[in-house]
Amino acid sequence: MGILRTKRLATLAVLISVGMILSYVESLIPVFVAIPGVKLGLANTVAVFALYILGASDAAIVSIVRAVLSSLLFGSFTTLLYSTAGALLSVLVMIIARRALRLSSVGVSAVGGVFHNLGQTLAAAAVLRTGAVFFYFPVLIISGVLAGTVIGTAAGLIVKRLEKILKLQRKDNKR
């Protein structure tokens, strides 16, 4: 029992660390300078991977802890607020999309991208006490779908590759 808990904790720590590295790398790359606030969401690759390989609760842990730690290390209080709101809403909707709608990693990630942007927009509306921020939301829907599709494709490929390795390891462990 203790070995399984330790292995799970180590796996989550590695995934959170990879997500944080991807967040940091993304912060260094001005991908869409012409459209403020639009990002690829590279760290979401790890959340989608965790959802498909480890399950819903582990994906939620990876997504939320990564958002909080990345914000504390590389951002500000505002970053923490927006990032955590986006991560929370995104991972909840991705779990529902995976379970109830049985979407592929691409569909789950695209939905996650849109809802991450919605979570951040809701947080911005609350902080700024105005609904005017929602005029920008159509741009964020498009960017969320496009970025989510790219990230979901990458996560799907990673899941396929690693599933083969994990199956081989499980067979070896049973011997």
Side-chain angles (χ1 to χ4, degrees), residues 1-28 39-77 79-120 122-123 144 147-148 150-175:
M1 185 76 162
I3 292 173
L4 292 177
R5 287 180 58 198
T6 303
K7 185 176 180 180
R8 177 175 178 252
L9 182 61
T11 301
L12 293 175
V14 167
L15 290 177
I16 291 165
S17 298
V18 170
M20 290 175 64
I21 291 166
L22 291 173
S23 289
Y24 178 69
V25 167
E26 185 171 31
S27 75
L28 298 175
K39 296 166 88 176
L40 276 176
L42 295 175
N44 200 42
T45 308
V46 179
V48 174
F49 171 82
L51 180 59
Y52 279 82
I53 295 294
L54 304 176
S57 62
D58 287 345
I61 290 167
V62 167
S63 185
I64 295 164
V65 171
R66 191 259 334 141
V68 169
L69 292 177
S70 293
S71 297
L72 291 173
L73 288 173
F74 313 124
S76 62
F77 177 74
T79 307
L80 174 66
L81 180 67
Y82 293 169
S83 185
T84 305
L88 252 171
L89 188 57
S90 174
V91 76
L92 289 174
V93 172
M94 287 194 306
I95 290 167
I96 292 167
R98 166 96 163 103
R99 284 187 178 167
L101 303 176
R102 303 214 184 273
L103 295 180
S104 69
S105 62
V106 174
V108 166
S109 181
V111 168
V114 170
F115 278 86
H116 189 278
N117 290 341
L118 177 60
Q120 290 185 325
L122 289 168
V150 171
I151 296 305
T153 301
L157 292 171
I158 293 167
V159 166
K160 275 185 186 176
R161 297 287 194 277
L162 289 181
E163 270 183 331
K164 291 176 186 176
I165 293 168
L166 294 173
K167 284 179 186 175
L168 290 174
Q169 284 179 345
R170 287 182 196 130
K171 284 181 184 177
D172 287 342
N173 288 338
K174 289 181 183 177
R175 292 180 191 173

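Hydrogens, waters and symmetry mates play no part in the numbers below; they use all other heavy atoms, side chains included. Starting from 1, each residue takes its place in the sequence as its number.
Of the candidates Val68, Val62, Ile64, Ile16 forms a side-chain contact (heavy atoms from CB on, under 4.5 Å) with just one, namely Val62.
Pairing each heavy atom of Arg99 with each of Ala56, the nearest pair is NH2-CB, 3.4 Å. In terms of heavy atoms, Ser105 sits closest to Val48 at CB-CG1, 4.0 Å.
At least one donor-acceptor pair closer than 3.5 Å links the side chain of Glu26 to the backbone N or O of Leu42. A distance-only check finds a donor-acceptor pair linking the side chain of Thr79 to the backbone of Ser76 [under 3.5 Å]. Between the Tyr52 side chain and the Ala47 main chain, no donor and acceptor come within less than 3.5 Å of each other. Here the side chain of Thr11 pairs a donor or acceptor atom with the backbone of Lys7 at under 3.5 angstrom. Here the side chain of Ser23 pairs no donor or acceptor atom with the backbone of Ala43 at under 3.5 angstrom.
In this structure, CD1 on Ile151 lies 4.0 Å from OG1 on Thr45, to the nearest 0.5 angstrom. Once rounded to the nearest 0.5 Å, the distance linking OG of Ser63 with CG of Leu92 reads 9.0 Å. Considering CZ of Phe74 and OG of Ser27, their distance stands at 7.0 Å, rounded to 0.5 Å.
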Please assess Leu101 against Val108 for the test side-chain contact (heavy atoms from CB on, under 4.5 Å), listing each intermediate value before the final yes or no.
CA-CA 9 Å; Leu101 303 176; Val108 166; over 6 Å; no
Decide side-chain contact (heavy atoms from CB on, under 4.5 Å) for Leu103 and Arg98; before the verdict, give the C-alpha distance in whole Å, the side-chain angles of both, and the deciding distance to 0.1 Å.
CA-CA 5 Å; Leu103 295 180; Arg98 166 96 163 103; over 6 Å; no
Begin with the C-alpha distance, continue with both residues' side-chain angles, and end with the deciding distance and a verdict on side-chain contact (heavy atoms from CB on, under 4.5 Å) for Val25 and Met20.
CA-CA 9 Å; Val25 167; Met20 290 175 64; over 6 Å; no
Begin from the C-alpha positions of Asp58 and Arg8 and carry the test side-chain contact (heavy atoms from CB on, under 4.5 Å) through to its verdict.
CA-CA 9 Å; Asp58 287 345; Arg8 177 175 178 252; 2.4 Å; yes
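Put simply, the side chain of Leu54 reaches to within 4.5 Å of the side chain of Leu15, judged on heavy atoms. Proximity of Val46 to Arg66: side-chain heavy atoms (C-beta onward) are nowhere separated by under 4.5 Å. Counting heavy atoms from C-beta outward, Phe49 and Leu162 have side chains that approach closer than 4.5 Å. The closest side-chain heavy-atom distance from Ser109 to Asn44 is below 4.5 Å.
In this structure, Tyr82 places its OH atom where more than 12 heavy-atom neighbours from other residues, nucleotides or ligands lie under 6.0 Å away.
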